[in-house]
There are 2 protein chains.
Amino acid sequence: MVNNENTEIKIIEAAKEVFVHKGYDGARMQEIADKAEINKALLHYYFRSKTKLFEKVFNNIFKEIVTGVAASIENSKNIEELIENFVNVYFEELKKKPYIPQFVLHEINRNPEMIVDLIKSNGVDKQKFIGVILKEGNRKDLRPFNPIQILVNVLSMTIFPFVASGIIKGFIFDGDEDAFDTFINERKSHIVEFVQVAIFKK
Amino acid sequence: MVNNENTEIKIIEAAKEVFVHKGYDGARMQEIADKAEINKALLHYYFRSKTKLFEKVFNNIFKEIVTGVAASIENSKNIEELIENFVNVYFEELKKKPYIPQFVLHEINRNPEMIVDLIKSNGVDKQKFIGVILKEGNRKDLRPFNPIQILVNVLSMTIFPFVASGIIKGFIFDGDEDAFDTFINERKSHIVEFVQVAIFKK
DNA sequence: ATTATGTTTAACTATTTGGTTAAACCAGTT
DNA sequence: AACTGGTTTAACCAAATAGTTAAACATAAT
């Protein structure tokens with residue numbers, strides 16, 4: 001009984017790092033071991049296989065995202081608040097962990113069946129997420145857009161720039177990191193404004 | 001001299017299929033050979049290495065996308081037309097090839113340096129893409145949004161649903177394919193309407 | 001028919017990589 | 001001190017996989 005807990009955490013952190021940047025197929029157990037400052041055998045002692053380790057890490061990350069979103073919309077009374085809270089919380093989260101969305105989307109794409117178990121095992125309450133937006137959908141001061149479309153609009157505009165940061169950076173900003181950062185910082189309030197202006201009548 | 005040209009095409013088509021669905025790391029030369037109905041040695045005879053074959057395929061796909069976009073916005077005189085044309089053309093393209101964006105974004109993420117060469121070697125004229133939107137930016141009947149933000153909004157809303165189809169399908173539509181398809185079909189006109197309503201004053 | 005050139009194949013090689021094994025190690029318990 | 005449990009390691013194994021080789025084959029030119 002020397003390390004245990006500490007080691008496990010170190011492994012998960014290292015695995016997270018490697019999996020997120022290289023994907024499941026591109027990740028190497030050796031690299032994870034190196035990054036965790038242990039050797040490969042110990043890695044397999046803690047998590048029997050690459051698949052098992054990956055599942056742990058992926059679940060971990062997925063839970064982080066879900067609880068993040070849940071918290072951001074928990075106290076939102078109406079659609080205005082919901083959008084503002086979601087975009088604000090999520091944007092800050094993504095600025096800290098910009099590689100997460102691309103990773104999650106790629107892995108779900110690679111193995112779509114996974115998502116069913118994932119939602120189940122994480123006890124995600126769908127209603128909590130789309131309930132507010134559906135209920136608010138028939139407010140008289142809103143344009144008659146399909147609320148699901150609005151939801152996807154907000155998700156798209158918030159998440160996509162991080163998923164496509166490589167292209168946007170290279171294509172629109174000629175590789176200029178600073179210009180891209182400015183753009184991202186400006187974006188948070190832009191989305192809120194843009195959506196508000198679009199959904200309200202008048 | 002039996003096959004040659006035909007074989008090369010068959011290889012590229014097979015490689016495209018496999019790379020797009022599995023990614024570079026997940027793709028296997030054997031699987032590509034099988035799908036092209038040849039053996040691995042011939043594969044290496046035509047394209048010396050996995051990397052070389054991948055580059056060819058990726059360039060190919062990238063070019064398709066770029067020319068697609070270029071064509072869609074070529075004859076657009078103002079921002080209204082531009083948005084409508086872009087969304088229409090692109091949506092139909094993506095419905096036919098829904099896996100392309102996720103693939104491209106993942107590979108660029110995996111190897112960001114690639115994009116510089118890619119843009120260079122494809123002779124992409126950036127101005128053509130963002131020129132119209134920048135020029136139209138200070139029309140008096142438009143709200144004073146940053147045109148780049150608008151551009152990214154349109155890109156996001158159009159492309160993201162395909163990148164995140166797995167999550168959207170599973171999460172919002174409980175795995176119901178038909179409901180998702182209906183949503184996608186409705187989406188094309190929704191985006192156009194949504195953006196128009198947002199950008200125009202009054 | 002023979003030659004030359006490009007095409008196709010089966011069999012092989014070297015390396016990478018996920019995973020295993022058996023022994024050493026360390027701390028607390030008896 | 002000897003024992004017991006989990007922990008850690010170096011060395012090893014087997015399978016997968018990118019890439020090679022050398023020979024057979026087909027077609028057109030001489």
Side-chain angles (χ1 to χ4, degrees), chain A residues 1-61 103 106-107 109-111 113-114 117, chain B residues 1-61 103 106-107 109-111 113-114 117:
Chain A
M1 299 169 185
V2 193
N3 251 327
N4 64 1
E5 202 153 328
N6 199 6
T7 308
E8 187 164 333
I9 292 175
K10 259 177 31 183
I11 291 176
I12 291 189
E13 285 311 305
K16 210 180 266 188
E17 190 88 354
V18 176
F19 278 132
V20 164
H21 283 88
K22 307 274 175 94
Y24 178 83
D25 289 321
R28 296 289 162 252
M29 292 299 265
Q30 188 59 61
E31 193 181 346
I32 295 173
D34 290 348
K35 197 155 270 177
E37 294 175 299
I38 54 166
N39 70 13
K40 228 175 32 166
L42 188 58
L43 195 57
H44 279 90
Y45 173 77
Y46 274 86
F47 303 88
R48 283 183 24 209
S49 66
K50 188 182 180 183
T51 318
K52 289 262 199 319
L53 176 58
F54 176 78
E55 273 166 13
K56 187 95 183 186
V57 167
F58 195 84
N59 251 333
N60 229 323
I61 289 176
F103 165 68
H106 176 250
E107 296 303 331
N109 209 280
R110 196 177 61 89
N111 183 8
E113 304 85 48
M114 183 166 55
D117 304 332
Chain B
M1 296 173 188
V2 192
N3 250 328
N4 63 0
E5 201 154 327
N6 199 6
T7 307
E8 185 163 335
I9 292 174
K10 259 176 30 181
I11 291 177
I12 290 188
E13 285 311 305
K16 212 181 266 188
E17 190 88 355
V18 175
F19 278 133
V20 164
H21 284 88
K22 308 273 176 97
Y24 177 84
D25 289 319
R28 297 289 162 254
M29 293 299 266
Q30 188 60 62
E31 194 181 345
I32 295 173
D34 290 348
K35 196 153 268 175
E37 296 174 297
I38 54 163
N39 69 14
K40 229 173 36 165
L42 188 59
L43 196 55
H44 279 91
Y45 172 77
Y46 274 85
F47 302 88
R48 281 180 29 207
S49 67
K50 188 181 180 183
T51 318
K52 289 263 200 319
L53 176 57
F54 177 79
E55 272 166 14
K56 187 95 180 185
V57 167
F58 195 84
N59 251 334
N60 229 322
I61 288 176
F103 165 67
H106 175 249
E107 295 303 333
N109 209 279
R110 197 176 60 86
N111 185 6
E113 304 85 48
M114 184 166 55
D117 304 333

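All values reported here derive from a predicted model rather than from experimental measurement. Numbered from 1 within each chain, the chains take letters A, B, ... in sequence-line order.
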(message) Among residues 20-31 of chain A, which ones have heavy-atom contacts with DNA chain D below 4.0 Å?
(response) none
(message) Any residue in residues 52-59 of chain A with a heavy atom nearer than 4.0 angstrom to DNA chain D? Just list them by number, or reply none.
(response) none
Counterpart residues, side-chain hydrogen bond (donor to acceptor under 3.5 Å, both in side chains), relative to [X] (two or more places apart):
X      : result
A:K56  : none
A:K52  : none
A:N60  : none
A:E113 : none

(request) May I ask you to evaluate whether A:T7 reaches the phosphate of D:dT7, defined as a side-chain N or O under 4.0 Å from OP1 or OP2? (result) no
Separation of atom [atom1] in [X] from atom [atom2] in [N], rounded to whole Å:
X     : N      : atom1 : atom2 : answer
B:Y46 : D:dG19 : OH    : P     : 18 Å
B:K50 : D:dT17 : NZ    : P     : 9 Å
A:D34 : D:dA10 : CG    : P     : 12 Å

(request) Apply side chain to side chain contact (heavy atoms under 4.5 Å, CB included) to A:D117 and list each qualifying residue two or more places apart in sequence or on a separate chain. (result) none
(request) Report the residues that fulfil side chain to side chain contact (heavy atoms under 4.5 Å, CB included) with A:E55, sequence neighbours left out, ordered by chain and then residue number. (result) A:T51
(message) Please enumerate all residues that pass ring pair (Phe, Tyr, Trp, His ring centres under 6.0 Å) together with B:F54, with sequence neighbours excluded.
(response) B:F19, B:Y24, B:F58
(request) Please examine the side chains of B:F47 and B:I12, heavy atoms only from C-beta on, and report whether any two atoms are closer than 4.5 Å. (result) yes
(message) My understanding is that only residues two or more places apart in sequence, or in another chain, count here; which of them pass salt bridge (charged side-chain N to carboxylate O under 4.0 Å, His left out) with B:E31?
(response) B:K22
(message) Does anything in residues 35-45 of chain B form a side chain to side chain donor-acceptor pair (under 3.5 Å)? List the pairs, not counting sequence neighbours.
(response) none
(request) Specify the residues of residues 36-45 of chain A, ordered by number, for which at least one heavy atom lies under 4.0 angstrom from an atom of DNA chain C. (result) A:K40, A:A41, A:H44
